[in-house]
Amino acid sequence: MAAKSRGALRSLWIVGGCYLIAALVVLMRPGAILSSDERTVIRFSHWQAEAGPREAMDALIERYEELNPDVRVVQLDVPGRVYTRWVRTQLIGETAPDLIEFNGGSTDIVPRFFEPISKYVNEPNPYNKGTPLEGMRWRDTFVDGLNTPSSYIDRLSNYYAVTMCSLTLRLFYNPDLLEEITGSREPPLTYEDLRRIQDQVVAYSAREGRRVSLYAGCDYTGEIVIGQLLSRAGLGVSFNLDRYREQGSKAAQMAQEYLRGHWDYRTPALYAGLQNAREAVPFFRPGFQQLDRDAATQEFLRGQALMFVTGTWDATTLKTMAPFEVAVDHTPWPAKSDNSEAGRYYWSPISDGEANTSMPFYLNKQSKNKDVAMDFMRFVTSLEGNTIWMIKSGWNPSIRGVELLEELKIFKHRFRGHQLRTSFMRGFGGETKEVWQRLTHHLTTQNGGVEEFMEVFEKDFPAALRKDVESNVRVLYLSLRRDVPALVSLATLDRLVGHNDKEVQARQIRESSQNLTEAKMYEAEAVLAKGPAVADPMP
Amino acid sequence: MSWMRLRILSEMPRLIPLGRLLCVGLCGLLSASANSTPEVAIWEKLSVYLSAEAERELEQLPEATDRQALRERDFCAAVVHLDQQPLSESRLDVVEQRFQALLEMEDNDEIARASRYLLGRIAQIFRAKPDVVKAAKYFRGLAEQPGPGIWDEQARLKLTLLTLYVLPVRTPSERIELAEAYASAARDPIAVRDMHRLVARAILFYNIPPERALEHLLQADKIGGLMGTQAADQLVQIGELAWDEGKEDMAAHYYERLEKEYPRDPRIFTMQQRLAGELTPTRGKVVNGR
């Protein structure tokens, strides 16, 4: 009995001791209540779990702390799947980090929890002293001038975030395997080259008795390839219906043109896009649509797929994990200039689109060290900081004048080319996305085909598109309702405190933007009500 | 001397509350002179969409005393109330009553005019079933009656929008003509510019020959003042319309401006190709293309 109670007592001591040690560790952490480290602590969070960014951030922290010995920077990398929920919880609980990577400029999170940073970005970045960027406004040092929707939020007339990098879509391939299959390490330059390589891949698989696919396959890469083949074919269609003379209609406009009866997926260019998509199905392993991105990565890393079409955010992961050299090039797509049947409707070259920079970091309104946090952001987006970022992460920089590493030059944004303004596969809204997701297998399975797909797709798509347009109208009403008190407030402040010219201009820009939004909303309503008869006289 | 000191010391406890009172009064006076309209902080919150915070601060404001201060407070409270969630029909009824009450006291000062504008906006976009005829009545009234503030021009813009797309007008051409008449009545250059832009857009929406749209956009461009995407889009629109109308020099001029002002705009490429005689995508007849 006595021995039992002695044992219990000992366990209690051990548990109590562990608790005490844990408590001391927590309380003596730098910045905590018992810590003798009196440095200012700033924390930042992101969800970039890929290889590269975390290590790059560690290097940036090390250098920043060397330059600023009175500051300690803590990096929090939170898995992407829970990140948004985690950020919201932290913000509401007032325990969020000082700097937060965030996507969702259109939500109310930004005005509620994040601090406008216009005053910071309109000043020169002191860390650029002695460089060609010295004296330049901080925002002008970004390759896109920070004119990206995640940074400059129109409806709030303010800059809210600074960005770290720029991203593009590229073709990653295994040159050893390519040589084994084709006798050459040269990547395909045209779509016809790619198709020839596909034939060689099929022959190689049969000859060697082991399955190799041209492209690493999963739902994600399948969507990229089918989406691109379709949307690139649709470029001419969106230009043909460019009612507002903006060099191609955007998705919302194309949805209206559909309801006005001006195009559908039997329009020859789009039908050809679907045929090309069908022909591209054997580029992937069977059943690819049921697999996730990790499965495609594994397929590529195991040498079971020759190429991987993905964003440059996967570059470092692929290069560090592959037991072979990973080469990168532009993905070849069908082109009119090839004079092939596949390229008949495809304009080329196509640009990489609007060169918006990515990975935006916002300043937490509750931060007790706002100036220090922004100082850290100034450093990481200075010429020196962003160069460290590029070298360590393998991701392209967001700052002008950073000299690109030779192997990263291929990732550089291509401005020259026609612009894709509508994604014909996923661009119209949630309802049509769901139809695509549910029915694409009719296009991609062995027994499927373009007509098999069209037969089911044409039943569901029109109603889904209509719902998407209706939903867009509802969103516009909600957004206008949110804007009215804000704009009346700005006008009232003009009266009560007198705004300067710049502030008045900012209000006027928001009012102009609101008028345009209202016009678009009424156009959508009119098209929903009257369809092709929208321009007819009233009875 | 020591007697005096003793007396002061003995009086100290009684003097402390008096001193405190004086300090509080002085602080109050200073803050009142620094911010004579306590609603400013609330308006600032509303302007950045912090409606819940605005409501909390509004509840904490000291009571308004004189008639004008009370009017400012009532107007602010009505807008704060309009901005709260959930936005029910009964909430809108209450807000409407508040604006109506402000109008009954004085019907054409700046608060009254803003209230009339907001009554129009409630009918136009806040109600579950919009009443655009009622909204147009408020907007027309404001546009026709001179008064302080920006509200006549704002109302004229909304009237233009309703005329172009929603009010019962027989043909698209008549809609455009009526809207052009509103544009010619506007005085504020920014409002005039925006009306030109709206009319141009409606011309293209209704498939009316686009030459008139080009004229309106050129007028808008003369006024200027746009920034960012809207400004770049307008340069492209003028360039493309000019191209479709066979005015190639004008098209080239606007693309030169686009290249100079927005050198990263990816749309420069297509126009350069076109001007160099290369084959490029074209607009179809269905939208009156070239």
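Note that this is a predicted model, so its numbers are computed, not measured. The chains referred to below are lettered A, B, ... by the order of the sequence lines, with proteins before strands, and numbering in each begins at 1.
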List the steps and the verdict of side-chain contact (heavy atoms from CB on, under 4.5 Å) for B:V286 and A:E257.
CA-CA 10 Å; B:V286 68; A:E257 296 300 336; 6.0 Å; no

Among [options], which residue forms the greatest number of heavy-atom pairs with chain A at distances under 4.5 Å?
options                       : value
B:L241, B:V79, B:D233, B:T171 : B:L241
B:I125, B:V48, B:D194         : B:I125
B:Q154, B:E44, B:K45, B:K285  : B:Q154

Using a cut-off of 6.0 Å, state whether more than 12 heavy atoms not belonging to [X] lie near its atom [atom1].
X      : atom1 : result
A:K336 : NZ    : yes
A:K412 : NZ    : no
A:D501 : CG    : no

Can you tell which part of [X] gets under 4.5 Å to a heavy atom of chain B, answering side chain, backbone, both or neither?
X      : answer
A:L241 : both
A:V534 : both
A:L487 : neither
A:E246 : both
A:R260 : side chain
A:D242 : both
A:S238 : neither
A:A526 : side chain

Side chain, backbone, both or neither: which part of [X] has an atom under 4.5 Å from a heavy atom of chain A?
X      : answer
B:P266 : both
B:T282 : backbone
B:R290 : neither
B:V80  : neither
B:L198 : side chain
B:R267 : both
B:I238 : neither
B:P130 : side chain
B:I42  : neither
B:N288 : both
B:Q273 : side chain
B:I203 : neither

Could you please spell out the steps behind the side-chain contact (heavy atoms from CB on, under 4.5 Å) verdict for A:D536 and B:Y206?
CA-CA 9 Å; A:D536 292 354; B:Y206 289 116; over 6 Å; no

Restricting to ring-ring contact (aromatic ring centres under 6.0 Å, His included), what partner residues turn up for A:H413, sequence neighbours left out?
A:F415

ring-ring contact (aromatic ring centres under 6.0 Å, His included) with B:F269: which residues, sequence neighbours excluded?
A:H418

Non-hydrogen atoms of [X] and [Y] that approach each other most closely:
X      : Y      : answer
B:L50  : A:P111 : CD2-O, 3.4 Å
A:N515 : B:K158 : OD1-NZ, 2.6 Å
B:P210 : A:R245 : CG-NH2, 3.8 Å

Among [options], which has the most heavy-atom pairs under 4.5 Å with chain B?
options                        : value
A:G145, A:S351, A:G417, A:G236 : A:G417
A:L496, A:L490, A:I509, A:L516 : A:L496
A:Q256, A:R421, A:M521, A:E525 : A:R421
A:D494, A:N240, A:V488         : A:N240
A:V484, A:D352, A:V527         : A:V484

Any luck finding a side-chain donor-acceptor pair between [X] and [Y] under 3.5 Å?
X      : Y      : value
B:Y49  : A:D483 : yes
A:S512 : B:R193 : yes
A:R243 : B:N207 : yes

So, taking the atom named [atom1] in [X] and the one named [atom2] in [Y], what distance separates them when rounded to the nearest 0.5 Å?
X      : Y      : atom1 : atom2 : value
A:Q247 : B:T280 : CD    : OG1   : 8.5 Å
B:Q85  : A:R481 : CD    : CZ    : 9.0 Å
B:D83  : A:S489 : CG    : OG    : 7.5 Å
B:W43  : A:T492 : CH2   : OG1   : 4.0 Å
B:L161 : A:Y522 : CG    : OH    : 7.0 Å
A:E503 : B:S47  : CD    : OG    : 9.5 Å

Take B:R121 and A:E518 through the test salt bridge (charged side-chain N to carboxylate O under 4.0 Å, His left out) and record every step on the way to the result.
CA-CA 12 Å; B:R121 294 296 264 165; A:E518 262 171 276; 2.7 Å; yes

Run the side-chain contact (heavy atoms from CB on, under 4.5 Å) check on B:S51 and A:R482 step by step: do they pass?
CA-CA 10 Å; B:S51 43; A:R482 289 284 283 150; 3.9 Å; yes

salt_bridge(B:R201, A:E523) N-O dist < 4.0 Å
yes

Hey, is A:R495 close enough to B:E72 for a salt bridge, meaning N to O under 4.0 Å?
yes

side-chain contact (heavy atoms from CB on, under 4.5 Å), that's the test. Do A:Y244 and B:F205 meet it? Break it down for me.
CA-CA 8 Å; A:Y244 299 109; B:F205 176 73; 3.2 Å; yes

